[in-house]
Asker: 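One structure is given below, represented as structure tokens, and several questions about it will come after.
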Amino acid sequence: MINYKTIYFFAPHGDETKEIKQDLSKLFDRLDIHTVESDKEADIIASIGGDGAFLQAVRRSNFRDDCVYLGIAADSNRHFYVDFHYQDIQALEEAFQKDDMDVRRYPTIEVKVNDNNPSYCLNEFTLRSSIVKTLKMDIYISDFFFEHFNGDGILVSTPTGSTGYNKSVGGAVVDPLIESMQVTELGSVNNNTYRTLGTSFLLNRQRPLTLLIDKNTDYYPVMSLDNEAISVQNTEKVELRLSKKHIQTLKLKDNTFWHKTQRNFL
Ligand code: NAP
């Protein structure tokens with residue numbers, strides 16, 4: 001295992017998780033991995049909570065690709081990005097002592113709204129109409145005009161995000177070893193005037209997606225990156241591509257994406 005020296009705890013639930021953080025800090029001291037107060041100095045960034053907390057830990061630390069993220073659940077529920085449970089703190093200690101973990105690399109999506117600096121997401125990007133009427137946009141794959149969309153909006157997910165919102169709207173579950181982003185329609189209108197593909201599709205890193213919003217229908221669509229809203233006015237263009245940036249996570253060896261998919265859904 002890489003020689004980790006420092007750990008930062010991201011505990012969004014404040015006082016509720018204070019005791020957990022103290023216990024975890026003592027555990028890592030025993031492993032000669034010491035708690036730091038800034039995520040920038042940490043070799044390990046540990047979230048305390050569920051997938052939502054993990055997503056926030058990654059976002060708040062700016063999608064660092066030179067450290068590892070570690071999810072530790074405060075409850076006994078099963079999560080996707082979170083392999084360890086505070087209630088089984090012994091298993092966590094043993095996994096570090098025995099070096100019984102893998103580092104997995106998860107793809108992220110780069111999102112550019114208008115010509116602003118890029119942002120990233122680990123689960124998905126969504127764009128939806130902010131008004132009661134439908135939103136229209138032209139969708140390009142690379143420079144190729146692919147379709148004219150009329151409907152509620154669009155969702156673009158990573159493989160690890162494919163089990164989240166994407167799955168609820170009929171998208172496929174995608175193995176994270178398949179480096180791709182999945183485009184899924186949200187409430188598309190399909191009739192003799194408007195026609196879209198009507199199914200989800202996957203794009204690889206060489207195929208960026210561009211959305212050109214029809215200003216006459218909605219200039220202020222609601223957009224999100226994972227569990228945060230983006231506030232941009234006058235959205236005309238959104239460019240998405242599978243990023244070269246990966247998030248590295250510490251996982252138990254016998255807990256693959258498909259183990260988790262089976263456990264959570266079947
Ligand atoms: P939330 O609205 O409080 O919870 C959404 C639920 O989705 C939670 O149970 C969360 O797990 C779970 N989740 C998050 N990422 C997942 C993933 N990759 N695979 C499977 N389940 C996942 O929001 P949140 O906890 O901050 O999570 C944000 C995510 O919620 C978004 O990125 C989106 O994927 C998802 N979401 C889903 C819907 C929907 O299905 N209709 C609508 C909006 C958002 P934990 O309990 O472990 O946090």
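Since we're looking at a predicted model, the values are computed, not measured. Just follow the structure's listing: the first ligand is 1, and inside any ligand the first atom is 1.
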Asker: Among all protein heavy atoms in this structure, tell me which lies nearest to atom 36 (N) of ligand 1, with the distance rounded to 0.1 Å.
Answerer: Tyr165 CB, 3.8 Å

Asker: With backbone taken as N, CA, C and O and side chain as the heavy atoms from C-beta onward, which portion of Thr160 lies under 4.0 Å from ligand 1: side chain, backbone, both, or neither?
Answerer: backbone

Asker: Given Thr163, Leu225, Val169, which has its nearest heavy atom closest to atom 20 (C) of ligand 1?
Answerer: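 Among Thr163, Leu225, Val169, the closest heavy atom to atom 20 (C) of ligand 1 comes from Thr163.
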
Asker: Is any heavy atom of the protein nearer than 4.0 Å to atom 33 (C) of ligand 1?
Answerer: yes

Asker: Answer with side chain, backbone, both or neither: which part of Glu124 has a heavy atom less than 4.0 angstrom from an atom of ligand 1?
Answerer: side chain

Asker: Salt bridge check, Lys237 against Asp115: does any charged N sit closer than 4.0 Å to a carboxylate O?
Answerer: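 Between Lys237 and Asp115 there is a salt bridge, with a charged N closer than 4.0 Å to a carboxylate O.
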
Asker: Parallel under 30°, tilted from 30 to 60°, perpendicular over 60°: which one fits the rings of Phe96 and Phe28?
Answerer: perpendicular

Asker: Quiz question for you: does at least one protein heavy atom lie closer than 4.0 Å to atom 2 (O) of ligand 1?
Answerer: no

Asker: Are there protein heavy-atom neighbours of atom 12 (C) of ligand 1 below 4.0 Å?
Answerer: no

Asker: Grab the two heavy atoms, one from Ala57 and one from Tyr69, that are nearest each other, plus how far apart they are.
Answerer: O-CE2, 3.9 Å

Asker: Which of the numbered atoms in ligand 1 are below 4.0 angstrom from a heavy atom of Gly52?
Answerer: 24 (P), 25 (O), 26 (O), 48 (O)

Asker: Considering only non-hydrogen protein atoms, determine which one is nearest to atom 47 (O) of ligand 1 and report residue, atom name and distance to 0.1 Å.
Answerer: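 For atom 47 (O) of ligand 1, the nearest protein heavy atom is His79 ND1, 2.4 Å.
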
Asker: How far is atom 27 (O) of ligand 1 from the closest protein heavy atom, and which atom is that?
Answerer: Leu55 CD1, 4.0 Å

Asker: Could you walk me through whether Asp138 and His148 pass the side-chain contact (heavy atoms from CB on, under 4.5 Å) test, one step at a time?
Answerer: CA-CA 5 Å; Asp138 287 335; His148 183 67; 2.6 Å; yes

Asker: Looking only at protein heavy atoms, which one is nearest to atom 29 (C) of ligand 1, and what is the separation?
Answerer: Asn123 ND2, 3.9 Å

Asker: Are Phe80 and Tyr106 an aromatic pair, judged by ring center distance below 6.0 Å?
Answerer: no

Asker: Among side-chain atoms of Thr160 and Tyr81, is any donor-acceptor pair under 3.5 angstrom?
Answerer: yes

Asker: List every atom of ligand 1 that sits less than 4.0 Å from any heavy atom of Asp226, numbering the atoms from 1 in the order shown and giving each element.
Answerer: 32 (O)

Asker: Do Arg263 and Asn255 have side-chain N/O donor and acceptor atoms under 3.5 Å apart?
Answerer: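 On atom types as modelled, these side chains qualify, holding a pair under 3.5 Å.
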
Asker: Measuring from non-hydrogen atoms of Tyr81 to any atom of ligand 1, is the shortest distance under 4.0 Å?
Answerer: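 Yes.
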
Asker: Counting only heavy atoms on the protein side, is anything nearer than 4.0 Å to atom 6 (C) of ligand 1?
Answerer: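 Within 4.0 Å of atom 6 (C) of ligand 1, no protein heavy atoms are found.
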
Asker: For the hydrophobic clusters of this structure (ILVMFWY residues joined by side-chain heavy atoms under 4.5 Å, transitively), does one cluster hold both Phe146 and Met181?
Answerer: yes

Asker: Only heavy atoms of Gly164, strictly under 4.0 Å: list the atoms of ligand 1 that pass.
Answerer: 17 (C), 19 (N), 20 (C), 34 (O)

Asker: Verify the distance criterion only: is there a donor paired with an acceptor across the side chains of Tyr8 and Ser61 at less than 3.5 Å?
Answerer: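 There is no such pair between these side chains.
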
Asker: For atom 23 (O) of ligand 1, is there a protein heavy atom at a distance under 4.0 Å?
Answerer: no

Asker: Looking at atom 28 (C) of ligand 1, what's its closest protein heavy atom, distance included?
Answerer: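 Ranked first by proximity to atom 28 (C) of ligand 1 is Asn227 CB, 3.7 Å.
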
Asker: Using a distance-only test with no angle check, is there a side-chain donor-acceptor pair under 3.5 angstrom linking Ser157 and Ser162?
Answerer: no

Asker: At a non-hydrogen distance cut-off of under 4.0 Å, which region of Asp51 contacts ligand 1 (side chain, backbone, both, or neither)?
Answerer: both

Asker: For atom NZ of Lys18, decide whether the heavy atoms of other residues, nucleotides or ligands shown that lie under 6.0 angstrom number more than 12.
Answerer: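 Not more than 12 within 6.0 Å, no.
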
Asker: Against heavy atoms of Ser168, which atoms of ligand 1 measure under 4.0 Å?
Answerer: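 Counting from 1, the qualifying ligand atoms are 39 (C), 40 (O), 41 (N).
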
Asker: Pair Glu124, Gln182 - check side chain to side chain donor-acceptor pair (under 3.5 Å), show working.
Answerer: CA-CA 9 Å; Glu124 77 283 289; Gln182 179 170 186; over 6 Å; no

